[in-house]
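Take a look at the structure set out below.
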4 protein chains.
Amino acid sequence: MPLPTPLRGVVPPVCTPLDEAGEVDTASLSRLVEHLIAGGVHGLFALGSTSEVAYLSDEQRGVALETVVNTADGRVPVLAGVIDTTTARVLDHAREAAQLGADALVVTAPFYTRTHPREIAGHFRRIRERVDLPLFAYDLPVSVHSKLSPELVLDLAADGTLAGVKDSSGDEGSLRRLLLALGGREGRASGPVPGFSVLTGSELTVDAALLAGADGVVPGLGNVDPAGYVRLYDAARSGDWPLAAKEQERLAALFDLVDAGPETDMGRSSSALGAFKAALRLLGVIACGDTAFPQIQLGAAAVAEVDARLRAAGLTPVR
Amino acid sequence: MPLPTPLRGVVPPVCTPLDEAGEVDTASLSRLVEHLIAGGVHGLFALGSTSEVAYLSDEQRGVALETVVNTADGRVPVLAGVIDTTTARVLDHAREAAQLGADALVVTAPFYTRTHPREIAGHFRRIRERVDLPLFAYDLPVSVHSKLSPELVLDLAADGTLAGVKDSSGDEGSLRRLLLALGGREGRASGPVPGFSVLTGSELTVDAALLAGADGVVPGLGNVDPAGYVRLYDAARSGDWPLAAKEQERLAALFDLVDAGPETDMGRSSSALGAFKAALRLLGVIACGDTAFPQIQLGAAAVAEVDARLRAAGLTPVR
Amino acid sequence: MPLPTPLRGVVPPVCTPLDEAGEVDTASLSRLVEHLIAGGVHGLFALGSTSEVAYLSDEQRGVALETVVNTADGRVPVLAGVIDTTTARVLDHAREAAQLGADALVVTAPFYTRTHPREIAGHFRRIRERVDLPLFAYDLPVSVHSKLSPELVLDLAADGTLAGVKDSSGDEGSLRRLLLALGGREGRASGPVPGFSVLTGSELTVDAALLAGADGVVPGLGNVDPAGYVRLYDAARSGDWPLAAKEQERLAALFDLVDAGPETDMGRSSSALGAFKAALRLLGVIACGDTAFPQIQLGAAAVAEVDARLRAAGLTPVR
Amino acid sequence: MPLPTPLRGVVPPVCTPLDEAGEVDTASLSRLVEHLIAGGVHGLFALGSTSEVAYLSDEQRGVALETVVNTADGRVPVLAGVIDTTTARVLDHAREAAQLGADALVVTAPFYTRTHPREIAGHFRRIRERVDLPLFAYDLPVSVHSKLSPELVLDLAADGTLAGVKDSSGDEGSLRRLLLALGGREGRASGPVPGFSVLTGSELTVDAALLAGADGVVPGLGNVDPAGYVRLYDAARSGDWPLAAKEQERLAALFDLVDAGPETDMGRSSSALGAFKAALRLLGVIACGDTAFPQIQLGAAAVAEVDARLRAAGLTPVR
């Protein structure tokens, strides 16, 4: 389906449920897609960091994306993460994603290698030229170890390379400067690049990003509580900022589940991804809460902590 | 004067004007204090990073603080930065600040040395015990190279060590978690530490911080446009979030002056501090725009850029 | 061929020559392999960072590795970098490398994702279990953004997971502690893991690493001057440390070519890799000096600088 | 006394013994100075990081420096660390140090503030102009959070600003490039700045640094075993590199005592400084092993670990 211009709303990065053998559990993934669409989300981001894209083989990536596209079945657009170190490798993933029916691509700057803004610009431009799908830049310094400057994003928006940006940098001041350069919260439509979409990936400050003029959010926690993020988005769109902030607070309290796994035992990423999946299993959405190898799995105490957080946030575990 | 509990509103870190010989220009500093109070600010933060505290000798620190205290003359409270590497050195500054009439102290975690949360806690506790003034923690990872966790701040708030925190970490998610733990935007008064003050130092996201429940802001740019920050604060307090965001956007555009000095020629701190001072000189508040040695001074092109930014933001240079 | 135990000597990471279309130039790559073997190297490391592995598609990786293996033809062992974000993806490359005839694998810790020592250990163990080839850990924090501790390497050496480590961390103190734990410079044979190989990737301090007891070196600059590194290694093995240091100094002066590309124009990696390839082209070894997209290419002034460095180091450009 | 040109040999950063009240124990400090001179050291570095300079009040700094100078009494030169955030503050310490009889000053780049190479150069130049003592640059990125480039050091050496550098960056490749630019291991005397002294602060790779042409070492561990570092230095000077490496290995094993304090309980700096002092107390040199507040003190298990390390290295605790 053609992507709305600009893309707006809640676009969760879809978790990739695995079975006990570590393979993609397509039945669970389909149920998760239904859960998200039922929650009112405006799009789906398959193969993002929260989808454990960095842990999936090419074959598993294909299975996951195909399942999301087929289950969504045109009800909402599907963005596909095509995450790899540099241009040639990203292009291979991008062609595969296009063939599987993705509606847009999400691409980071080169990583593993030390790079340069001119090289990053060339990277995005070539991908846009060679694969005919709307392109989103994915700004995730915690993984990529470089930050996309507002100037670079603006250049790539202005020349039509980028359809949008997913800003997971956590740098809200930089986000503000980008939004301002695009016309500000009320001037976007008459700004230099009216159709450009700015999505925040910072799930604890969505009310703030929307107040500053962002178009939407890509919340990992949206897997667990999509309806909550949709309520937050709707409140903001209707100008009810206290309600938006109140919903954000409920979600921020729920977000504490990402620290369920003890810091001495596992990576912070493993804890967060494990907690999202544990929550989805407790809520009856997916069958197995395992994260991909070599991530350490949450123990029983951590899962109990996740359960408690769900209940405190008004959600109802069924397991 | 006794500090309001909690301290709320706009509390700018007061620039320290210097003369051409590099000494504190007390006449200009007094005019700056009057400019800020006329702008409606709720307090003054002397000897902060924006005050070039790290560049001032002990003697110069004393002159600057004394001038601010005497000029403020009880109209607004004066917080004093007592910035040094570790506890013994901070205590010496703290005693001096108390004697000069500061109403509260602002202290960072130890720096230069690698430290530990238990050591940081001991540091704040001893300073609070030994000098009888309300104590604010100053969270500034860009200078201190460690981050105060919400858990640590909460502990030190709960046991009465801290009266508040100035959060210049730029980590708005972490700020949200702290505010939530304190009761959230509507529950602060009935939360665990009702009088605790949370101030943001992130001058581009003040609307967001206030929406999340922060009590106020410590904006470096507030030297240049104190009335703007007060309007932003007042809009937020009255619940007019679109107006708050609009004022924030104007200030964010003005903030671009911090990059007036070319990156190839000088540090980013020198550019920002030089731009604040150039603006204050252009506005007729201070006599000389020099920053302290060894900072490189802004050239004519950079000052012209500052002038243009002032005019674009509706301010009127008089020089 | 079976890998010597421990692997010792000079094992350059083989550059991957590309043609003007950006495809692997197998004829040039074969000439490069001959150039290295003629220089006396003791092994070849294909598909390392210097080989631009992060820039090559899977197909290009296969072509490059096959060319190196076939050209080497058992005269020296070939180690293959199997570089990807996490275990499942690395395993796919590892199986391909085994099939193409690699004699050993070189693997980093997971990257892109935040990880944990326990997860890193699981990663290496599973790869060793599933693909039956000697395994080297590749410690490259500048790309991977985590450091392998001496303790972790020692554990994985002791249980037979690792055959060796390539230490490109630049942390010579940490390298010393690892070597000491393995028995020290004279006690390795009677130490806890006699066959374990410690190779440094720090091409400016090879004399020091060998003095400390390292077994060899994986020098990117060894593409340009393999005979020089072999002379350095031989001097060290014969105990002539002043001669080793003298040769190291000559190579260190030559190494300055990595900064030929201006910092304002390109990434540091692009400058270094471009300089190695420019040197190989000037020396008549490869046909085209291009690096992989999106790296910026060296300009004429930079190539002239490379030429001058070659001549200063006693090498003779033929173009 | 006039400083040798260049300064060569073993110049330990002298620990500052404290009594139980946290004040400088001048009797213990004098004994420590005698212990170091008896060990054969070639100079003393008072008020360095290992001296806990960042923890000492101005008054305590004065007491410590005066004690070292008076005890040394011209037998070896005394370098004084004058560590503070920026130029004006450093100058105040420098004037004090000159008055107390220091033979040279040791100064870092500005810290706490973000700076620029041009600003750093101005900083060192002004200090050299205003206080007439030989000046050493102290390159300690772990504390200062910027690195002095070989180019900058060379410029400041060539114009007479710097008499030497203490390189504690741990970047041995960068050190090599600096030494090479100064003429290399054999060409220093005929190089561009013959009298310039290059000292390494990396106590685990002293043999390597000396092989590369460094003039000496400033080893924190040299407090505990000054004679060991002197033996290492003498072996290197006489060209017996295997003996130098062997002594380095013994010292590297001893160095493990820096991790005696558990990572979960205290900062790494507190553990290392606590271990040096515990060792000095066990060896009967100083009366009390306490480190300055707010550092956490080593527990009994950690002290027992220090004791064991001393014995394993052939030293004899007397307590």
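Note that this is a predicted model, so its numbers are computed, not measured. As a basis for the values below, the full set of heavy atoms in this structure was taken, side chains included, without hydrogen atoms, waters or symmetry mates.
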Any donor-acceptor N/O pair, C/R89 side chain to A/L56 backbone, under 3.5 Å:
yes
With a 4.5 angstrom heavy-atom cut-off, could you sort out which part of A/S57 is near chain C: side chain, backbone, both or neither?
both
Select, from C/D58, C/L273, C/T115, the one with the greatest count of heavy-atom pairs under 4.5 Å involving chain A.
C/D58
Inter-chain contacts: residues 261-272 of chain C against chain A, heavy atoms under 4.5 Å:
C/E263, C/T264, C/D265, C/M266, C/G267, C/R268, C/S269, C/S270
With respect to chain A, which residue among C/Q60, C/H145, C/R114 yields the maximal number of heavy-atom pairs within a distance under 4.5 Å?
C/H145
Lys/Arg cation over aromatic A/F293: C/R126, 6.0 Å, 45° cone
yes
Among the listed options C/R125, C/E59, C/R61, the residue most often paired with chain A at heavy-atom distances under 4.5 Å
C/R61
Check for a donor-acceptor pair, side chain of A/Q295 on one end and backbone N or O of C/E119 on the other, with a separation under 3.5 Å.
no
Could you walk me through whether C/T87 and A/Y55 pass the side-chain hydrogen bond (donor to acceptor under 3.5 Å, both in side chains) test, one step at a time?
CA-CA 7 Å; C/T87 319; A/Y55 294 94; over 6 Å; no
In terms of heavy-atom proximity below 4.5 Å to chain A, should C/P110 be classed as side chain, backbone, both, or neither?
side chain
If you tally heavy-atom pairs under 4.5 Å between each of C/R118, C/E52, C/H123 and chain A, the highest tally belongs to C/R118
Residue from C/V90, C/T86, C/L91 scoring the most non-hydrogen pairs under 4.5 Å with chain A is C/T86
Go through the atoms of C/I83 and report whether side chain, backbone, both or neither lie under 4.5 Å from a heavy atom of chain A.
side chain
With respect to chain A, which residue among C/G122, C/A88, C/A54 yields the maximal number of heavy-atom pairs within a distance under 4.5 Å?
C/A54
Name the one of C/T85, C/V142, C/D84, C/L140 that satisfies side-chain contact (heavy atoms from CB on, under 4.5 Å) with A/Y112?
C/L140
